[in-house]
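Reading through the structure tokens given below for one structure.
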Amino acid sequence: MNVDILGGGPGGLYVSLLLKKSFPEWEVTVYERDPADNTYGWGVVFSDATLSSLREADRLSHERITDAFVRWDPIDIYYDGEYFRCSGHSFAGIMRSDLLSVLQTRAVELGVELRHGEPINDPEQLRAESDILIGADGLNSTVRETYDQAFRPNNNAGNAKFAWFGTVKPFDVFTFIFRENEHGLWRIHAYPGRKSTFIVECTEETWAAAGMDEASEEEALGYFEELFADHLGDYKLESKLYAWRNFPTVRNATWSHENVVLIGDAAHTAHFSIGSGTKMAMEDSIALQEAFEEHGRDIRAAFNWYEKERRPRVQGLQEAAERSENYFENVERYQNLRPRRFAFNLLTRSGRITYDNLRVRDPSFVDRFDQWFTAAEGEEATAVATPPLFKHLSLRDVRIPNRTVMTLPPTETATDGQPADSYLDQLVIRGEQGPGMLLTDPLAVTPNGRITTGTPGLYADDHTDALGDAIARVRDALAAEPIVGAHLFHAGRRGATKSRDRGLDRPLPEHERWELLAPSAKPFGPASPTPTAMDTDDLDRVREAFVTAAERAERAGFDHLQLNAGHGYLLSSFLSPLSNDRDDEYGGSLEERMRYPLQVFDAVRDAWPEEKSLGVTLQATDWNLNGLKTHEAYAVARSLKERDCDLLAIVAGQASVRERPQFDTDTLGRFSEQFRNEVEMPTLSTNYLTTYDEVNTMVGGGRADLVLFHPNTPASS
């Protein structure tokens, strides 16, 4: 077999030597446009897991690489005048030039032909002469560009600016520095090596305010040497190919085409903040070698095996890298966090490290964090502190004993709004499991505010009595009184539907329906009935219904009230241009569209006891280009904050049948984190968590103040 490889970086060299080692009879040639001793990078970082795979793939190159390693364990964080060290992370670094030298030497020993200084501008000509052509030519891959119709690449540039510098200043561990000056907040990623790597990152606004869009290399170096003089001392910064860039995340629909295959940055990239570019390229190389060992000369089978093996792992790394990248692009969002919590949030940013992971890595770091968190939440500090999960949260005079909230899935067992005994029994069982707050599923404030005929309500005396009895049963069963909350809503144009076990938003037969109310006479879906556009009397009646339901909730003994303005229900539908095209004071601009939901909130706030908490379940996005946008939802949240809203529960989507959700298991958690820190008010995360570790990570990192919790152990009667 004749194997040609474009790109003489670590990935190209490593795959060449692995293939030659496994198949000595193959002709393996590496083409690299730059000279052998030319490198534009600084340090390369590996983790212990990567090192074990390199050792198994080729012991000799592994020994030479590790002989040149600088090893370190801690991560240092400098923020707002404070310093934190967290150990147990086990990194190893090597200069890129040293790594290339090791791999070049090993490749030549095995019989690989290295052809430096030979750019290949037409891969098609080389492909015609090769049995296998490997594109290892990096981010700006000529191979990928040549066959872009087959690979179908997608390249998304990040929002932050970064520049790559080096220094002989000996940083001894991975170091994150955050420094604010008159131009904005700067982030530094520094790590050890014969020359330390010193990456500067910032927002586009900070970059422009500092004049970096016009600054020369010399001016930029001087600026950062002065700004970070306390960390650099008398040491200077230096650069190679000075440039400011936005990090590009590369994906390809497929990594192979006929006899061409991509590895490393040509196939995929992941943000440098998780230090994985070279690691991913070398692990690609191992997988490609194993693919050919498995399938021999069957190129198609080998390529399929390689991609099947690697793609899930790469996708996992890219997802973690995107979370990390998003963090660094939006660090300003977290400046309201106190320094120790900021450090915890930073360490757990990508989802790969959690509270429990940190406790294993550095128990003393987590012990100090727990003690700090106890004091920060107003409790008496003790030598042995409990995790964030078990800290109380005060909302007005309501003292929530821990950070979990339990509820039941939406029920359809009510009759004329009267909760069924089976539902009340399950509510009591949930309460007996010890959540910080027990929250009902949405309770309709009027008969025509129900979703189905089985939706429970809080619009009649019988409803008040039944729910009050359930609350009393919960409190009688526990020594400590739990907080119990009522979730009030009006279904709006999503009402009068069949039971949801027969499909979502399927309308009742015409003779069984009730009148639907909405901001405008626009049906929810193609098969939905047309609602009545609410007039002044309708607006007044529904607003008063919310107030009356709140008064009933008070008589029933609820401690907390939650108003639902999400998921396309009535209050949410006023916020969304998908459902609101009114031409009066309640439609048009966002300020006008939010007027009625805010009026309802104000009326309920006036009726609800001052000492008790009132929250809102708020739509973060309609996931529709013409719907409510997240930046608009921020504005709504800020208006609620001004009106003394105590808690936001962030939800998304379901405002229209025509939505394009961007959803994974962490989406709602990320929304919670964004609103909590952008608007600076408490949030309830609505992505159900199932472990204490997840709760401690969310709450400890300032991503939520409360979380919906569904334990792995089922409720029992």
Audit row: Arg127, Thr146, side-chain contact (heavy atoms from CB on, under 4.5 Å) steps and yes/no: CA-CA 11 Å; Arg127 184 184 75 87; Thr146 300; over 6 Å; no
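- With Leu6 as the partner, the side chain to side chain contact (heavy atoms under 4.5 Å, CB included) test is satisfied by one option alone out of Val30, Ile134, Val260, Leu133: Leu133.
- Of the possible donor and acceptor atoms, one in the side chain of Thr197 sits under 3.5 Å from a partner among the backbone N and O of Gly43.
- At a cut-off of 3.5 Å, with distance as the only test, a side-chain donor of Thr691 or Glu694 sits close to an acceptor on the other residue.
- Under the 4.5 Å side-chain criterion, counting only non-hydrogen atoms from C-beta, Phe198 is in contact with Ile188.
- A donor-acceptor pair is defined here as one N or O able to donate and one able to accept, closer than 3.5 Å; no such pair exists between the side chain of Asn345 and the backbone of Gly702.
- Judged by distance alone, the side chains of Thr354 and Asn357 do bring a donor and an acceptor atom under 3.5 Å apart.
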Before you tell me yes or no, could you show the steps for Thr348 and Arg703 under side chain to side chain donor-acceptor pair (under 3.5 Å), namely the whole-Å CA-CA distance, both residues' side-chain angles and the distance that decides it to 0.1 Å? CA-CA 11 Å; Thr348 57; Arg703 297 175 173 90; 3.0 Å; yes
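- Ion pairing between a basic and an acidic side chain is recognised when a charged N comes within 4.0 Å of a carboxylate O; Arg187 and Glu332 show such pairing.
- Side-chain N/O atoms of Ser576 and Gln619 include no donor and acceptor closer than 3.5 Å.
- Salt bridge absent: Glu673 and Arg670 never bring a charged side-chain N and a carboxylate O closer than 4.0 Å.
- Distance check, rounded to the nearest 0.5 Å: CZ of Phe178 to CD1 of Ile77 gives 7.0 Å.
- In this structure, CD on Glu293 lies 4.5 Å from CD on Gln289, to the nearest 0.5 angstrom.
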Assess whether side-chain contact (heavy atoms from CB on, under 4.5 Å) is satisfied between Arg349 and Leu346, documenting all intermediate values. CA-CA 5 Å; Arg349 68 191 182 278; Leu346 167 65; 3.8 Å; yes
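- Looking at every heavy atom in both residues, Val70 comes nearest to Pro192 through CG1-CB, 3.9 Å.
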Could you list the donor-acceptor pairs under 3.5 angstrom formed between side-chain atoms of residues 294-303 and any protein atom two or more places apart in sequence or on another chain?
unit_1 : atom_1 : unit_2 : atom_2 : d
Asp298 : OD1    : Ala301 : N      : 3.2
Arg300 : NH1    : Glu258 : O      : 3.3
Arg300 : NH2    : Ser256 : OG     : 2.5

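- Between Asn159 and Phe328 there is no side-chain heavy-atom pair separated by less than 4.5 Å.
- If you check the side chains of Glu124 and Tyr147, you find a donor sitting under 3.5 Å from an acceptor.
- Proximity of a side-chain donor or acceptor of Thr105 to a complementary backbone N or O of Ser101 within less than 3.5 Å is detected.
- Within the 4.5 Å cutoff, side-chain heavy atoms of Thr697 are placed close to those of Asp693.
- Within the 4.5 Å cutoff, the side chain of Arg660 has no heavy atoms near those of the Trp623 side chain.
- Here the side chain of Asn259 pairs a donor or acceptor atom with the backbone of Ser130 at under 3.5 angstrom.
- Checking Gln674 against Asn330 by side-chain atom types alone, no donor-acceptor pair falls below 3.5 Å.
- Closest approach of Pro10 and Thr278 over heavy atoms only: CB-CG2, 3.7 Å.
- Distance check, rounded to the nearest 0.5 Å: CD of Glu113 to CD1 of Ile5 gives 11.5 Å.
- No donor-acceptor pair closer than 3.5 Å links the side chain of Asp622 to the backbone N or O of Ser656.
- Among all heavy-atom pairs drawn from Ala270 and Met280, the shortest one is CB-SD, 3.7 Å.
- Atom NE2 in His268 sits 4.5 Å away from atom CH2 in Trp255 (nearest 0.5 Å).
- Judged by distance alone, with hydrogens and angles left aside, the side-chain atoms of His271 form a donor-acceptor pair with the main-chain N or O of Ser273 at under 3.5 Å.
- For the pair Leu13 and Gln104, the minimum side-chain heavy-atom distance is below 4.5 Å.
- When every heavy atom of Ile274 is checked against every heavy atom of Ala321, the shortest pair comes out as CD1-CB, 3.5 Å.
- Only one option out of Lys21, Lys20, Arg64 pairs with Glu109 in a salt bridge (Lys or Arg N to Asp or Glu O under 4.0 Å); it is Arg64.
- When ring centroids are compared, Phe272 and Phe162 come within the 6.0 Å threshold.
- Atom OH of Tyr242 and atom CZ of Phe165 lie 5.5 Å apart (nearest 0.5 Å).
- Taking each heavy atom of Ser579 and Ser573 in turn, the nearest pair found is OG-O, 2.7 Å.
- Thr269 and Asp265 are not linked by any side-chain donor-acceptor pair at a separation below 3.5 angstrom, with hydrogens and angles left out of the test.
- Between the side chains of Asn687 and Ser685, at least one donor N or O sits under 3.5 Å from an acceptor N or O.
- With hydrogens and angles disregarded, no donor-acceptor distance shorter than 3.5 Å links the side chain of Asp505 to the backbone of Ala527.
- The side-chain heavy atoms of Val45 and Trp72, taken from C-beta on, include a pair separated by under 4.5 Å.
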Walk me through whether Met1 and Phe23 qualify under side-chain contact (heavy atoms from CB on, under 4.5 Å). CA-CA 9 Å; Met1 295 272 276; Phe23 306 98; over 6 Å; no
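- By the 4.5 Å heavy-atom criterion applied to side chains, Leu99 and Phe46 are counted as neighbours.
- Listed for the Thr142 side chain is no donor-acceptor partner under 3.5 Å among the backbone atoms of Asn121.
- Interatomic distance, CE of Met95 versus CH2 of Trp42, reported as 6.5 Å (0.5 Å rounding).
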Could you give me the CA-CA distance, side-chain angles and deciding distance for Glu204 and Asn246, then say whether side chain to side chain donor-acceptor pair (under 3.5 Å) is met? CA-CA 9 Å; Glu204 296 257 6; Asn246 297 69; 3.0 Å; yes
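- Between Glu322 and Arg251 a salt bridge is recorded (basic side-chain N to carboxylate O distance below 4.0 Å).
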Can you list the steps and then say if Phe174 with His89 is a ring-ring contact (aromatic ring centres under 6.0 Å, His included)? CA-CA 10 Å; Phe174 225 126; His89 299 277; 9.2 Å; no
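- In this structure, the side chain of Thr686 engages the main chain of Ile650 through a donor-acceptor pair within 3.5 Å.
- When atom types are taken as modelled, the side chain of Ser22 and the backbone of Leu18 share a donor-acceptor pair closer than 3.5 angstrom.
- Cation-pi geometry between Arg144 and Phe151 is not satisfied (NZ or CZ under 6.0 Å from the ring centre, within 45° of the ring normal).
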Check the pair Phe675, Thr630 against side-chain contact (heavy atoms from CB on, under 4.5 Å), reporting the backbone distance first and the verdict last. CA-CA 9 Å; Phe675 277 79; Thr630 301; 4.1 Å; yes
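- Gly653 approaches Glu659 most closely through the heavy-atom pair CA-OE1, 3.3 Å.
- Between Ser61 and Tyr14 the shortest side-chain heavy-atom distance falls below 4.5 Å.
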